Amino acid sequence: MKLARTIVRFRVPIVIIALILLIPSFIGMLSTRINYDMLTYLPETMDTVKGQNLMMEEFSKGAFSFIVVEGMEDKDVSALVDDIKEVDHVDTALWYSSFADISIPKELLPDKIYDAFNNGDCTLIAVFFDTSTSSDETMDAIRELRAVTGKQCFVSGLSALVTDLKDLCEREEPVYVAIAVALALAAMMLFLDNWLTPVVFLLSIGMMIVLNLGTNFFLGEISYITKALSAVLQLAVTMDYSIFLWHSYNEQKRLYEDKKEAMAVAVHNTFTSVLGSSVTTIAGFIALCFMTFTLGRDLGIVMAKGVLFGVLGCVTVLPALILILDPILVKTAHRSLIPDMKKFSSGLIRIFPVFLIIFILLIPPAFYGYSKTNSEVYYDMAQCLPEDMEFVIANTKLSDEFDIASTHMVMIDSSTDQKDVREMCREMEAVDGVRYVLSMESLIGSSIPEEVIPEKLKSVLESDNWELLLINSEYHAASDKVNAQIDSLNAILKKYDEGGMLIGEAPCMKDMIETTGHDFEVVNLVSILAIFVIIALVEKSISLPFILIAVIELAIFINLGLPHYLGQSLPFIAPICISTIQLGATVDYAILMTTRYKTERLSGKDKRSSVTAALSSSIPSIIVSGMGLFAATFGVAVYSDIDIISSMCMLMARGAVISMLCVIFILPALLMLCDRLVCVTTLKMKSCIKS
């Protein structure tokens, strides 16, 4: 209570300090680099990641792109290649003029070179950059390339995807936040008892969001998914704490004439109740840090930090603002739309066996859909973008005109006998879906002495220690066919060079598929165990954690099972994150009701009266909280053109509603059924068995 009274006493300085802290936080937020490349979150120990780093060291090449040129004269293409070479951070631009004089008709070129770079009126330019796939320099180079090449040219490759993704995110993100704020504001205005209070909530939460985003500067960088979702998620999951404080303050005002004393008691009570609630949410986010695919750690740390800031703001900035604005808040009160729930609760408890049957009947189809959804996710980030994006158009052109859907790179020891290299290339070209393999030997021919090959051309595909080969594939990255192809290519490569490496987008995607499959199981297990322990400690019970987690897990199964029945495919990261986020964020609804049920039972009431009272008192808070989470995420889901953002927000919105319904209808039925078990296995409740 002493700390609560101190907060109330220094309410004005608290608001001033919070406003001052916004300045460095805003600067930190703008200075935090955003990473748009999902492949950089693969573990550094993987061969594909080591190979990418090694290629950068040995060849000074990171990003790679094909440019499809349509309907352009050879002399103009040659001039274009020269212009491309002048773009900052373009290391090499390969066209047929790199291997033969432009005066030689293309038709007289060796078949391999001709087929590699030409098809009808389309020709192909291969571009290497001296910077990594998702670096700011590469993205700037992609934009400059598009400006230089014009409308007849189409820039493909992972760097083009990353560039388009960044530009789209930067256009959409201000709208995300505006939609989330507007809809959350509307929901709270309708379901709370005051028109202005939601604005005060959002001011307090908004300050904490900026502080959270500002401190991301110390992480170095965050992913675009984290940036896009963190503000919306923090708003959604910490709104509950503000609602708890507001309800507690109004209750205490009826008991204390001095509003300052009423607020001090409200802050003390809210901190006690919010502590248990926030710990489960934080545990859910911390569980993401156990992913070997480190995007989970990125999102988990930022969101766990956001929840901590949310709790801090709820017991410092928010009470200060409410007290300062109290005279205005009194005048803007209105009646809540949520009616008294006593009759509804009493009627629901009378037919509780019906909901037990519904609970049992829902488990098989929900679990079946859930298990199928996890195996039907997609990994190709190109599917996240709208079809009219420049990258998607370029990749479609590349596939249609040259039958190239992905490009792999092979690094072999430069001391490998050239006869073995030729034999290896022949074997690789026989693998299903391989269009051709380009190596120094295949491009120049075995009859030409190595000494007469221009040094500039040699440096493209050879270094002191390694030789580089390009493999063009008909199969798209992250498809089953390309993954089987990669296994076959790797087997051939290791036969000729045990230390050789197969790298590129598709091999990295294959590693990502294998990594995240394991991550899903680990994160689920860690989040369930952590939240089980927290509930057991908070409720001082062995049985209640099983009951509460069973209810929320059913809601998760239903939520993640629906895409299977609706014929939808989710981005791979969505099920991993959503199962943990939904558990951590909505188990609070169940804890709220269960805590009230325990209080009623310990006061001497029978199980029916206790469950009815717990349900009727909890429904308003659960509805406000659930609809707040729904409102903050649903609008973003509908608006966003980035499927990974849209899918995750839709799952969160739907998950909030499903969890809300499960807690309101199924949890009371389970408490009625398991009352005796709960009393026996919960500290200080054995005496309640008699009542």
Side-chain angles (χ1 to χ4, degrees), residues 61 64-85 87 90-129 142 145-146 148-157 159-160 390-410 422 425-426 428-431 433-448 453-454 456-458 460-461 468-476 504:
K61 293 177 178 62
F64 170 78
S65 182
F66 274 126
I67 300 176
V68 179
V69 182
E70 201 171 53
M72 191 178 285
E73 295 288 334
D74 288 352
K75 60 182 177 61
D76 296 327
V77 178
S78 182
L80 179 64
V81 170
D82 292 336
D83 290 340
I84 289 171
K85 289 176 181 176
V87 172
V90 168
D91 178 80
T92 309
L94 292 178
W95 187 51
Y96 98 85
S97 60
S98 304
F99 313 103
D101 192 274
I102 192 172
S103 62
I104 299 173
K106 285 192 288 188
E107 291 74 11
L108 298 180
L109 292 172
D111 289 344
K112 181 168 288 248
I113 297 178
Y114 183 86
D115 292 340
F117 291 92
N118 301 281
N119 181 38
D121 70 340
C122 290
T123 192
L124 206 58
I125 302 171
V127 179
F128 288 93
F129 301 85
I142 291 289
L145 274 179
R146 285 171 171 166
V148 166
T149 55
K151 292 183 179 180
Q152 283 177 276
C153 305
F154 307 88
V155 183
S156 70
S159 295
E390 289 184 74
F391 160 79
V392 178
I393 295 169
N395 261 28
T396 304
K397 285 276 183 188
L398 185 62
S399 182
D400 291 347
E401 300 294 340
F402 292 91
D403 209 13
I404 298 172
S406 58
T407 300
H408 322 317
M409 286 169 238
V410 175
R422 286 195 294 274
C425 290
R426 275 196 291 271
M428 286 182 167
E429 286 181 335
V431 173
V434 172
R435 289 273 289 118
Y436 47 79
V437 180
L438 295 179
S439 66
M440 178 63 71
E441 192 279 336
S442 67
L443 288 172
I444 303 303
S446 57
S447 60
I448 299 176
I453 300 170
K456 180 67 176 174
L457 183 55
K458 280 180 65 177
V460 175
L461 297 176
L468 185 67
L469 289 72
L470 297 182
I471 302 176
N472 282 330
S473 170
E474 300 171 9
Y475 301 149
H476 287 278

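Residues: numbered from 1 along the sequence shown. Only heavy atoms go into these numbers, but all of them, side chains included; no hydrogens, no water, no symmetry mates. Predicted model, so just to flag it, every value in this text is computed and none were measured.
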Do Thr149 and Val69 have side-chain heavy atoms sitting under 4.5 Å apart?
-> no
Find the distance between CG (Leu468) and CG (Leu438) and round it off to the nearest 0.5 Å.
-> 10.5 Å
Contact check, side chains of Leu124 and Asn119, non-hydrogen atoms, under 4.5 Å | no
Can you see which heavy atom on Ala160 is nearest to which on Arg146, and at what distance?
-> CB-NH2, 3.7 Å
Which heavy-atom pair separates His408 from Ser473 by the least distance, and what is that distance?
-> NE2-CB, 3.8 Å
Is any side-chain heavy atom of Val437 closer than 4.5 Å to a side-chain heavy atom of Leu470?
-> no
Value for CD (Glu429) from CD1 (Ile471), rounded to nearest 0.5 Å, stands at 9.0 Å
Is there a donor-acceptor contact under 3.5 Å from the side chain of Thr396 to the main chain of Val392?
-> yes
Is any side-chain heavy atom of Phe154 closer than 4.5 Å to a side-chain heavy atom of Glu390?
-> no
Hey, are the side chains of Asp74 and Thr123 touching, using non-hydrogen atoms and a 4.5 Å cut-off?
-> no
Going by heavy atoms in the side chains, are Asp91 and Phe64 under 4.5 Å from each other?
-> no
Please round to the nearest 0.5 Å and tell me the distance separating atom OG of Ser406 and atom OH of Tyr475.
-> 10.5 Å
For Ser399 and His476, work out which heavy atoms get closest and say how close.
-> OG-NE2, 4.2 Å
Nearest-0.5 Å distance that lies between atom CD1 in Ile84 and atom SG in Cys153 | 6.5 Å
Flag the pair Leu80 / Ile125 as yes when at least one side-chain heavy-atom distance between them is below 4.5 Å, and no otherwise.
-> yes
Salt bridge (Lys or Arg N to Asp or Glu O under 4.0 Å) involving Arg435 - partner list, sequence neighbours excluded = none
Atom pair CG (Asn395) and CZ (Phe66), whose distance is rounded to the nearest 0.5 Å = 11.0 Å
With sequence neighbours excluded, residues passing side-chain contact (heavy atoms from CB on, under 4.5 Å) with Ser65 = Phe129, Val155, Ser156
Minimum heavy-atom distance between Glu70 and Cys122, given as atom pair plus value = CG-SG, 3.8 Å
CG (Asp403) and OH (Tyr436) are apart, to the nearest 0.5 Å, by 9.5 Å
